[in-house]
*Asks:* 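Structure incoming, see below.
Bear in mind that the values here come from a model prediction, so they are computed numbers and not experimental data.
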Amino acid sequence: MKIIALEEHFTTRALREANADHPLTKMYDLLADAGQWQKGAEIPAGITDLGDGRLADMDAAGIDMQLLSQTVPATESLASTAAVRLAAEANDVIAEAVSAHPDRFAGFATLPMSEPKTAADELDRTVSQLGFRGAMVNGHVGGRYLDDEFFWPVFERAEALGVPIYLHPTRPPQAVFDACYAGFSPVVTEILGTAAWGWHVDTGLHALRLIIGGVFDRFPNLQIIIGHMGETLPSMIWRVEDRMGKLVKLDRPIPHYFTQNFHITISGVFDYAPFASAVHAIGIDRIMFAVDYPYSTNTAGKQFLDSLPISPGDKEKIAHLNAERLLGLAK
């Protein structure tokens, strides 16, 4: 069975250096201090490798293809000039890896979202000239969420190109972080506010803001991918509609946007209960495989896929067919 993994990260050294003072970069150091990762090595191991080491890890687990994307922090918190330059450089690095291994890698673009028109042009360049399959945006941009019409040139271009935007988490805005997650040890505070809880509920909220803000009424064919079994939304989308559906002025019910404009990957959440909730909320045809490499292991992701008590046909959909259809990967 062919397996395509959609949320598989890397970084350039230039972007890591530009984000040296970002709280998430410091969080990685805290995790190393806590024994999560080996100190002195690149954090996490494998994050800059787009060659033999990554391919060997994929082969060992039976992963056929990775969609490469810049890890968080990316360009979203950088000054515009640096964001424009470093996004293009990162995209060129992905393009080189894809060119070297076109049957193993494909790319999601990094975009300088603080300059939406430039970001739209960079999306166009990467899709039209480099063969990328969409873009990944890491959450809010300096506390500004993407339902703000300021960012809509990117959505307009994505819809015109027929490619999805992968909405990936980032650290919640500082005021939210301080109010909700402070008060524990530094490492516990950071993880609670990010990968354990905070950035998932923040991304679920972000997705809701796109719906409620009218993004899909303006761009009805736009497709958004969210990871981590749907960022808490599958279990809550009914409640949102039940309590708020009549209050918002939209063309369609809220769950309709979820089932027609969103896709979910299983990245880094290898548990059956959230999977069952995702299937119930969005349907098997909109769920795709992902590992969240190298933050999660290829082996763990593959073992979870193998363990799912679903039909072989549905497993093929999750493993590769849904991704091939959405991203135009089928040969």
Side-chain angles (χ1 to χ4, degrees), residues 6 76 108 111 113-114 116-117 119-120 123 134-170 172-173 175-176 180 198-265 274-288 322 325-327:
L6 266 73
E76 288 79 12
F108 283 135
L111 302 178
M113 292 298 292
S114 58
K117 292 182 180 179
L123 176 62
M136 179 173 284
V137 178
N138 291 292
H140 62 85
V141 181
R144 221 170 164 182
Y145 288 80
L146 301 184
D147 58 287
D148 190 321
E149 292 189 21
F150 173 78
F151 299 108
W152 288 16
V154 175
F155 294 143
E156 182 178 25
R157 194 69 60 89
E159 184 185 50
L161 291 167
V163 296
I165 301 293
Y166 199 128
L167 181 61
H168 184 273
T170 193
V176 175
C180 297
W199 67 16
H200 301 299
V201 295
D202 191 69
T203 306
L205 172 64
H206 200 157
L208 277 178
R209 290 185 64 103
L210 296 182
I211 295 172
I212 297 165
V215 169
F216 304 104
D217 287 344
R218 174 63 180 83
F219 308 108
N221 295 316
L222 176 67
Q223 299 297 307
I224 301 291
I225 307 170
I226 53 177
H228 310 107
M229 290 295 188
E231 310 289 12
T232 73
L233 267 183
S235 63
M236 289 299 295
I237 195 72
W238 179 91
R239 175 77 171 180
V240 173
E241 172 64 18
D242 183 64
R243 297 294 156 164
M244 196 170 61
K246 294 180 180 179
L247 302 177
V248 293
K249 306 300 181 183
L250 297 172
D251 294 344
R252 296 175 273 158
I254 292 169
H256 192 276
Y257 297 95
F258 196 49
T259 59
Q260 299 300 310
N261 296 99
F262 284 83
H263 305 258
I264 288 172
T265 75
F275 172 77
S277 180
V279 173
H280 177 76
I282 204 169
I284 202 77
D285 291 337
R286 285 179 171 262
I287 299 175
M288 299 174 289
N322 292 340
R325 182 182 66 254
L326 176 64
L327 304 178

*Asks:* Could you note down all residue pairs passing salt bridge (charged side-chain N to carboxylate O under 4.0 Å, His left out) where residues 199-209 supplies at least one of them, sequence neighbours left out?
*Replies:* D147-R209
*Asks:* Can you name the ring-ring contact (aromatic ring centres under 6.0 Å, His included) partners of Y145, sequence neighbours left out?
*Replies:* H140, H206
*Asks:* The criterion is side chain to side chain donor-acceptor pair (under 3.5 Å); which residues satisfy it with T265, sequence neighbours excluded?
*Replies:* Y166, S267
*Asks:* Any side-chain heavy atom of R218 sitting closer than 4.5 Å to one from E156?
*Replies:* yes
*Asks:* Can you name the residues that form a side chain to side chain donor-acceptor pair (under 3.5 Å) with Y257, not counting sequence neighbours?
*Replies:* D217
*Asks:* Between CG of L208 and CD1 of I237, what distance do you get to the nearest 0.5 Å?
*Replies:* 5.5 Å
*Asks:* Would you please name every residue forming a ring-ring contact (aromatic ring centres under 6.0 Å, His included) with H200, sequence neighbours left out?
*Replies:* H228
*Asks:* What residues form a side-chain contact (heavy atoms from CB on, under 4.5 Å) with M244, not counting sequence neighbours?
*Replies:* I212, V240, L247, V248, I254
*Asks:* Under the salt bridge (Lys or Arg N to Asp or Glu O under 4.0 Å) rule, collect the residues that match up with R144, sequence neighbours excluded.
*Replies:* D148
*Asks:* Show me the pairs that pass side-chain hydrogen bond (donor to acceptor under 3.5 Å, both in side chains) and involve residues 275-285, at least two apart or across chains.
*Replies:* D285-K317
*Asks:* Quick one: list whatever passes ring-ring contact (aromatic ring centres under 6.0 Å, His included) with F262, sequence neighbours left out.
*Replies:* F216, F258
*Asks:* Taking only residues two or more places apart in sequence, or in another chain, which ones meet F151 in a ring-ring contact (aromatic ring centres under 6.0 Å, His included)?
*Replies:* none
*Asks:* Check side-chain contact (heavy atoms from CB on, under 4.5 Å) between Q223 and all other residues, then give those that pass, not counting sequence neighbours.
*Replies:* P164, N261, H263, R286, L326
*Asks:* Who passes side-chain contact (heavy atoms from CB on, under 4.5 Å) against R243, sequence neighbours left out?
*Replies:* R239
*Asks:* Has E76 got a side-chain atom pairing as donor or acceptor with N138's backbone, closer than 3.5 angstrom?
*Replies:* yes
